[in-house]
A.B. asks: 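Dropping a structure here in structure tokens format, bear with me for questions.
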Amino acid sequence: MKLSLVAGSLAAILLSGTALNASAAEYFDRIASFPITANLPSDADQKAETVAEIISASEDGRLLVYTDSPRKALGFIDIADSAQPQAGGSLALGGEPTSVKVVGGTAYVAVNTSESFTNPSGKLVSVDLASRKVSAECVLPGQPDSVAANAGILAIAIENERNEEVNEGALPQLPAGALVVAPLNGGKLECSALKTVSMTGLATVAGEDPEPEFVDVSSEGRIVVTLQENNHIVVVDGKTGKVEAHFSAGRADLKNIDTKKDGKIDLSGSQDGVLREPDAVRWLDADRFVTANEGDWKGGSRGFTIFNRDGSVAYESAASLEHEIVSLGHYPEKRNKKGVEIEGVEAGRYGNDRLIFVGSERASVVAVYRDTGAAPELLQVLPTGIGPEGLLAIPSRNLFVATSETDLHGDGGAAPHVMIYQRAERAAPAYPTIRSTKSSDGLPIAWGALSGIAADKAQAGKLYAVTDSAYAGAPRILTIDATRKPALITGEVLVTRSGKAAEKLDLEGIAVSSDGGFWLASEGNPEKGLKNLLVKVDAKGAIQEEIALPASLEEGAKNYGYEGVTVTGSGNNEIVWLAMQREWADDGKGTVKLMAYKPSNKSWGAVRYPLDTTETGWVGLSEITAVGDRVIIIERDNQIAEKAKVKKLYSIAASDMKPVALGGELPLVKKTEVRDLLNDLKAAKGYVLDKVESFAVDAAGDAYIITDNDGVDNSSGETQFIRIGKL
């Protein structure tokens with residue numbers, strides 16, 4: 001399937017290279033990022049899991065309230081100053097909170113207290129926001145999953161979820177779920193007013209075992225309920241509890257999608273009749289609602305659908321949003337069974353615009369659409385933390401908030417974050433900083449995991465990049481036009497061996513050779529049987545030569561090999577330099593080799609480079625680039641977010657780069673700090689990304705750095721292409 005007209009219009013704007021009139025458009029930009037770990041009490045286990053899942057806000061939009069299921073708590077964030085969110089602490093709830101909705105001065109929290117899948121239970125907890133204490137509790141008839149309120153009506157989806165380890169998660173698995181409704185009289189809830197509405201006997205798929213997933217209440221008091229595993233949707237009169245309508249969520253046909261986990265993004269696949277299996281749902285007006293079609297069981301249509309209240313489809317996104325995500329480098333190839341997994345939706349009116357927010361759990365982005373009454377118009381895509389779950393529109397303050405539920409901080413990765421975005425008149429959104437154009441087949445050039453760049457020697461703003469082992473099935477050289485904003489990937493060349501995609505390469509560096517081809521650095525991994533290779537390719541990507549390290553040196557190899565390549569000199573004096581990431585067995589502590597290969601006589605030499613030290617993690621090299629009379633090195637630690645300390649550019653005088661033959665005493669070069677990159681990485685207002693791996697200076701003397709998004713593997717997928725100008 002070609003990119004939709006909607007997605008195409010956004011691409012045309014972003015690729016035009018022409019700044020919009022500042023008064024012509026409003027966009028969201030991220031203004032703050034709050035790590036959930038900042039809300040942990042000092043005496044709590046700082047490494048144990050913590051998340052921000054579903055989020056709501058006080059009526060004045062100055063206090064955020066979120067659910068933290070692993071900690072069995074409700075968390076608070078003060079956003080009186082939205083650009084400087086402050087920790088507000090947490091409140092224990094005696095169970096796992098699954099959803100929260102603020103009405104007036106009260107937060108209504110759905111809490112799961114189940115002892116097992118077969119004996120589910122739950123409660124509705126009322127929390128007074130002024131005192132931040134529990135004011136009341138009501139027993140629920142099962143395990144709740146979603147809570148919503150509007151027009152004086154409270155609705156709770158009682159999921160009674162299935163055990164996915166029993167019979168491969170097949171339904172039925174009783175007890176059945178249900179819907180609970182209650183009036184909010186003057187903003188207050190009486191437990192005796194809770195009414196259970198049966199959802200059994202409605203769905204064609206396991207009608208005896210409905211699993212309500214998500215609810216929303218319209219301004220007219222109608223409740224829409226998604227039965228995800230049942231692939232069904234129900235509309236209920238919130239005042240009477242009467243089922244007004246119910247219908248199958250239907251199926252979607254998907255064209256030009258990637259369906260295989262094979263180390264490459266190949267948009268030649270298709271799937272017909274895919275169950276939508278909707279998760280989140282939001283009313284757009286009295287007669288339409290939008291669903292996020294995650295497909296938790298057998299489905300996964302990779303998109304979202306706007307339904308009319310009678311069940312007819314007003315709009316189906318199909319693969320259009322997924323194509324946009326591919327062009328932004330956020331496509332999760334390793335999680336390919338269901339693609340980007342659209343899980344969350346939100347809606348809100350900002351000025352004259354009704355906006356729809358669509359969250360992708362696997363790509364870690366939120367797409368922002370303008371509701372036109374027909375096909376929605378894609379305006380922009382926002383980067384989030386890993387695994388966005390809760391989406392919250394705060395139109396009164398021109399704010400939007402996204403939570404993330406994937407927690408890697410216990411293993412040294414990123415913690416879940418709540419990210420805050422503000423809408424204002426802007427010439428263009430800050431993100432993306434780099435994207436791709438379409439290839440000859442009309443589909444976006446797929447990319448991600450940019451691990452090294454080099455500049456064209458003659459044309460200013462023209463760069464070449466390589467992708468690493470995240471896409472080992474299709475190692476490529478990409479051409480980047482850095483004069484565009486965002487930077488634009490305009491071409492791709494497959495690296496081939498004997499006419500086929502070259503296997504067993506982990507490309508980490510690229511340098512332009514004097515003959516118009518390229519030198520590539522491929523990092524070794526002894527555990528996987530991969531050697532460190534210096535690879536010479538022609539301009540079309542065909543491998544001409546693969547050069548291994550001397551056998552004596554490779555014997556001490558570790559999984560911290562080549563991370564960059566550059567060239568100095570010319571003719572018989574040409575030297576190809578390769579940066580090793582970290583110390584090997586024969587290196588002194590705190591030093592790493594810069595390897596030197598001389599093509600004219602195929603000889604090897606090296607110098608030693610002194611590494612910075614850090615209290616946490618390790619420090620290593622990520623890039624080496626010859627620039628005039630010096631060589632520039634990226635030196636970084638492996639830390640992320642607030643733990644990141646070392647992200648720097650250092651220089652070495654070219655006159656100091658005098659390699660000595662291997663086996664002798666290697667000289668230690670002197671380094672000079674050129675730039676601390678932490679401020680550059682913080683400027684995006686997210687968390688500091690750990691892998692700043694690419695650096696180049698173009699023919700006009702302008703410098704660029706790029707972060708590696710690891711192919712969206714335990715990563716948010718965010719790539720920062722940063723222009724740092726003249727050094």
Side-chain angles (χ1 to χ4, degrees), residues 29-33 35 83-84 328-329 382-385 414 417 419-421 426-435 448-455 460-461 463 465 480-488 509 563-564 579 611-612 614 617 619-625 627 630-651 671-698 700-710 715-727:
D29 275 350
R30 186 169 51 196
I31 60 171
S33 184
Q84 298 290 332
L328 300 179
L382 302 171
T384 70
H417 280 68
M419 295 190 175
I420 304 172
Y421 313 80
R426 295 182 171 91
Y431 198 84
T433 57
I434 183 171
R435 60 172 297 134
L450 301 182
S451 55
I453 55 172
L463 308 174
I480 301 172
D481 182 353
T483 67
R484 310 291 283 270
K485 195 170 183 180
L488 183 63
E563 279 289 322
L611 293 170
D612 282 359
T614 184
V619 175
L621 308 186
S622 279
E623 183 71 288
I624 181 170
T625 307
V627 183
R630 57 182 173 169
V631 172
I632 306 294
I633 300 284
I634 291 180
E635 189 172 345
R636 68 170 182 91
D637 59 19
N638 66 332
Q639 300 301 295
I640 198 166
E642 67 280 355
K643 294 181 180 179
K645 303 300 180 185
V646 180
K647 315 287 183 187
K648 294 183 177 183
L649 294 180
Y650 282 101
S651 71
K671 66 181 186 181
T672 301
E673 183 174 326
V674 175
R675 188 182 183 101
D676 190 331
L677 300 175
L678 280 177
N679 286 335
D680 298 293
L681 296 169
K682 290 177 180 178
K685 303 298 183 181
Y687 52 79
V688 173
L689 302 173
D690 57 332
K691 292 190 175 181
V692 51
E693 291 203 359
S694 299
F695 172 81
V697 177
D698 72 5
D702 290 312
Y704 308 87
I705 61 171
I706 313 178
T707 59
D708 179 352
N709 73 0
D710 276 339
S715 163
S716 67
E718 182 171 335
T719 296
Q720 286 295 327
F721 181 99
I722 302 174
R723 298 166 171 83
I724 58 178
K726 304 292 191 293
L727 290 179

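FYI, side chains are in, hydrogens and waters are out, and symmetry mates aren't considered; it's all heavy atoms of this structure. These numbers were taken from a predicted model, which means no experiment stands behind them.
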A.B. asks: Could Asp676 and Lys647 be called an ion pair, given the rule that one side-chain N must be under 4.0 Å from one carboxylate O?
C.D. replies: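 No.
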A.B. asks: I need the Thr384 OG1 to His417 NE2 distance, nearest 0.5 Å.
C.D. replies: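 The distance works out to 11.5 Å.
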A.B. asks: Give me the atom names and distance for the closest heavy-atom approach of Ile434 to Pro486.
C.D. replies: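 Scanning both residues, the minimum pair turns out to be N-CB, 3.7 Å.
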A.B. asks: Where is the tightest heavy-atom contact between Leu463 and Ala696, given as atom of each residue plus distance?
C.D. replies: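 It is CD2-CB, 4.4 Å.
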A.B. asks: What's the spacing between Ser33 OG and Lys682 NZ if we round to 0.5 Å?
C.D. replies: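 Taking OG in Ser33 and NZ in Lys682, the distance rounds to 12.5 Å.
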A.B. asks: Under a 4.0 Å N-O cut-off, is there an ion pair linking Arg636 with Glu563?
C.D. replies: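 Result for this pair is no, no salt bridge flagged.
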A.B. asks: Return the minimal non-hydrogen interatomic distance between Lys671 and Glu635, and the atom names on each side.
C.D. replies: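 For Lys671 and Glu635, the tightest heavy-atom pair comes out as NZ-OE1, 3.0 Å.
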A.B. asks: How many angstroms lie between atom CD1 of Ile724 and atom CG of Asp702, to the nearest 0.5 angstrom?
C.D. replies: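 Atom-to-atom, Ile724:CD1 and Asp702:CG are 10.0 Å apart.
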A.B. asks: Kindly indicate whether the side chain of Met419, heavy atoms from C-beta on, has any atom under 4.5 Å from the side chain of Tyr687.
C.D. replies: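 Yes, their side chains come closer than 4.5 Å.
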A.B. asks: Rounded to the nearest 0.5 Å, what separates atom CD in Glu623 from atom CG in Leu649?
C.D. replies: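 Result: 10.0 Å between the selected atoms.
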A.B. asks: Enter the distance from Ile632:CD1 to Tyr650:OH here, rounded to the nearest 0.5 Å.
C.D. replies: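 Here the rounded value is 12.5 Å.
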A.B. asks: Could you tell me whether Asp612 and Lys645 have a side-chain N and a carboxylate O separated by less than 4.0 Å?
C.D. replies: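 Lys645 and Asp612: not salt-bridged.
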A.B. asks: Looking only at heavy atoms, which two atoms of Val674 and Arg630 are closest? And how far apart?
C.D. replies: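 Minimum heavy-atom contact is CG2-NH1, 4.1 Å.
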A.B. asks: Heavy atoms, side chains only, cut-off 4.5 Å: are Thr707 and Lys691 in contact?
C.D. replies: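 The answer is no; the side chains never approach within 4.5 Å.
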A.B. asks: About how many Å separate CG of Asp29 and CZ of Arg426, when rounded to the nearest 0.5 Å?
C.D. replies: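 Going from CZ on Arg426 over to CG on Asp29, the span is 4.0 Å.
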A.B. asks: For Thr433 and Phe721, work out which heavy atoms get closest and say how close.
C.D. replies: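 Residues Thr433 and Phe721, closest heavy atoms: OG1-N, 2.8 Å.
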